[in-house]
Amino acid sequence: HPLEVKAGNLINHFIKSITGKELTVISGKGKGEVFNSIVIGRATFETSLIEKKDLDWCGEDGFIKIISGSNIGIAGRNSHSTLYGAYSFLEDIGVKFLSSNHIYVPEKSTIEISGKWSRFPLFVRERPFFDLRFPYTSPDYPMRFQQIGDPTRLVNKKLYPGLWIDHTTGFLVPVSKYYDSHPEYFALMKNGKRIPKETPANRVTLCLSNDEVKKIATEKTLKWISQQSDRRFFVINEGDVGVENWCHCKKCKSFDRAGHGYTDRWLQFINYIAERVKTKYPDKILLTFAYIGTFLPPAYTKPASNVWILFANYPPIVGCNIHTLECPLNIKANLALNQYLNISPNQIGMCEYNFGPKTMLVPTLETMICKLKEYAKLGIRGVWYYGIPSHLRNLFRYVNSKLLWNPLEEPEKIIRDFCKAYYGTAAESMIEFINLERAQIHNKEFHVYLFDNEGEGKLFFTPEFCNRALGLLKKAENMA
């Protein structure tokens, strides 16, 4: 498989970069015994280094690393998890993937395997705590998108303006194909009019109670999965609009219950699709969002077993984005999330918003550290990130990717490892600066709303904080 070949080439490349010595890469099926070899992927089964049954515990993304005699074996249940194992092995020998353009590579003549490998027996199984880690799946940037179905790769983008991978009803039932002949397929807005024909694909809302719409959307979903069958997650989500643009026809409204938004009608719709997907593709997961019209939990409809709901930490249900859901301004969101967890405890993920300085003045590294540890305790299945802070962006990515894999890791150690490799002689001053920022987040005297451009976010930057921070940054600059 190309990803297994890539894993072998990556290991060879970095071993050469570390030691100056190049290995011989042999592609193809392994046969019989091997000696003094690094064996990757399916070849580990054929050479009896790893047994397939041992990978059952590893799930979709986990892997095994083993030392047996003079050989090293690395394999997952599939090609992408084998590639994750290769990256893990490279980190074991000292390589650090700090950013897309900054990789720390030690230089030494002899490679010593450290960390978990130093324990006996020399057999390591790993799997991530969070199943969904978008977009922090892998140090390999293209790999980050390869588990999420991507409809933009299947269409003429001119006919689907605004389409991405999240709000997909405009892809499933395109206005360009159906609007002229069947305007009733599309939402009857609160103003009594259908959504306009020129509505961008990511804003399209449907008449969810229309039987033909359900059939068309199901057929399109099944075709989509067949075209990207190597992917695990497919997002089925209503258009990104306010509630006034959802369908207000009598039949759609009949599914709703007071105090529960439009969640029941939406789950009825996606469950119809999910039941037919499960019959043909039992290993696929449909993702949808608790967002705008579906913030509130359902009154009587549970999501199908192959539907995961991503709860969006988004206004108006969330009042403070720099503190966890325990913040007093997030009482409504905390209540709704716990209700969702009571309904479907193993099918809930989170959707996090970490926008740049125009909308989020306050650095949110510590915010996400606290949230991920909280989500781990709640049994959240995964986290989808919208936006990455501009401030210390590479550190944010690095720490979050590590904690998404293992939220029990100590963030202080992750931050120190990053800073020593990234900042070199300025590391200690930068660590002190980062810890100053982290401590300031725990100041409960101010809150920041996601779209607060000028408001209480400024209270983060007190004169005392700014003087200390600027002093540490100046010290780091002098040490660099």
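Side-chain polar atoms of E4 and S79 form no donor-acceptor pair below 3.5 angstrom. A side-chain N or O of Y375 and one of E352 form a donor-acceptor pair less than 3.5 Å apart. A donor-acceptor pair shorter than 3.5 Å cannot be found between the side chains of H80 and E60. At a cut-off of 3.5 Å, with distance as the only test, a side-chain donor of N354 or T364 sits close to an acceptor on the other residue. For the residue pair N321 / Y314, no side-chain donor-acceptor distance below 3.5 Å is found, with atom types taken as modelled. Inspection of the E238 and T205 side chains reveals no N or O donor paired with an N or O acceptor under 3.5 Å. Judged purely by distance below 3.5 Å, without hydrogens or angles, the side chains of D230 and Q147 never pair a donor atom with an acceptor atom. A donor and an acceptor atom, one from each side chain of N342 and N338, are nowhere located under 3.5 Å apart. If you check the side chains of T288 and N237, you find a donor sitting under 3.5 Å from an acceptor.
The stretch residues 269-280 participates, sequence neighbours left out, in these side chain to side chain donor-acceptor pair (under 3.5 Å) pairs: K278-S305. Residue pairs meeting the salt bridge (charged side-chain N to carboxylate O under 4.0 Å, His left out) criterion with at least one partner in residues 201-225, sequence neighbours excluded, are R203-D240, E212-K215.
Classification of the W308-F233 ring pair by plane angle, with boundaries at 30° and 60°, yields tilted. Ring planes of Y340 and F311: perpendicular class, angle over 60° (limits at 30 and 60°). Aromatic ring pairs are classed by plane angle as parallel below 30°, tilted from 30° to 60° and perpendicular above 60°; the pair F460 and F465 is perpendicular. Note: F97 and F14 have perpendicular aromatic rings, judged against thresholds of 30 and 60 degrees for the angle between ring planes.
Within a 6.0 Å radius of CZ in R153, no more than 12 heavy atoms belonging to other residues, nucleotides or ligands are found. Within a 6.0 Å radius of NZ in K373, other residues, nucleotides and ligands contribute more than 12 heavy atoms.
Side-chain atoms of T168 come within 3.5 Å of backbone N or O of V235 as a donor-acceptor pair. Without hydrogens or angle criteria, H391 side chain to P363 main chain gives no donor-acceptor distance under 3.5 Å. No donor-acceptor pair under 3.5 Å is formed between the side chain of S88 and the backbone N or O of Y84. With T199 contributing its side chain and I195 its backbone, the two residues share no donor-acceptor pair below 3.5 Å. With hydrogens and angles disregarded, no donor-acceptor distance shorter than 3.5 Å links the side chain of H182 to the backbone of E184. Although no hydrogens or angles enter the test, the distance criterion places a donor-acceptor pair under 3.5 Å between the side chain of K284 and the main chain of R231. With hydrogens and angles ignored, the 3.5 Å screen pairs a side-chain donor or acceptor of H248 with a backbone N or O of W246. Checked by atom type and distance alone, the side chain of Y87 never pairs as donor or acceptor with a backbone atom of T82 at under 3.5 Å. Without hydrogens or angle criteria, N313 side chain to C351 main chain gives no donor-acceptor distance under 3.5 Å. Counting only distance, with no hydrogens or angles, the side chain of S401 and the backbone of Y398 share a donor-acceptor pair below 3.5 Å.
Separation of atoms CG (L310) and CZ (F134) is listed at 11.0 Å; rounding is to 0.5 Å. Within the model, atoms OG1 of T169 and CD1 of I270 stand 11.0 Å from one another, a figure rounded to the nearest 0.5 Å. Between atom OH of residue Y291 and atom OG1 of residue T263 there is a gap of 14.0 Å, rounded to the nearest 0.5 Å.
The residue from Q440, K371, H442 that alone fulfils the side chain to side chain donor-acceptor pair (under 3.5 Å) condition with E366 is H442.
With F396 as the aromatic partner, R393 does not meet the cation-pi criteria of under 6.0 angstrom to the ring centre and within 45 degrees of the ring axis. In this structure, R133 is not positioned above the aromatic face of W405 in the sense of NZ or CZ being under 6.0 Å from the six-membered ring centre and within 45° of the axis.
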Which atom pairs, one a donor and one an acceptor, fall under 3.5 Å between side chains of residues 416-423 and the rest of the protein, sequence neighbours left out?
residue	atom	partner	partner atom	Å
R416	NH1	E428	OE2	2.7
D417	OD2	K413	NZ	2.8
Y422	OH	N394	ND2	2.9

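Between R77 and D61 there is no salt bridge, since no side-chain nitrogen of the basic residue lies less than 4.0 Å from a carboxylate oxygen of the acidic one.
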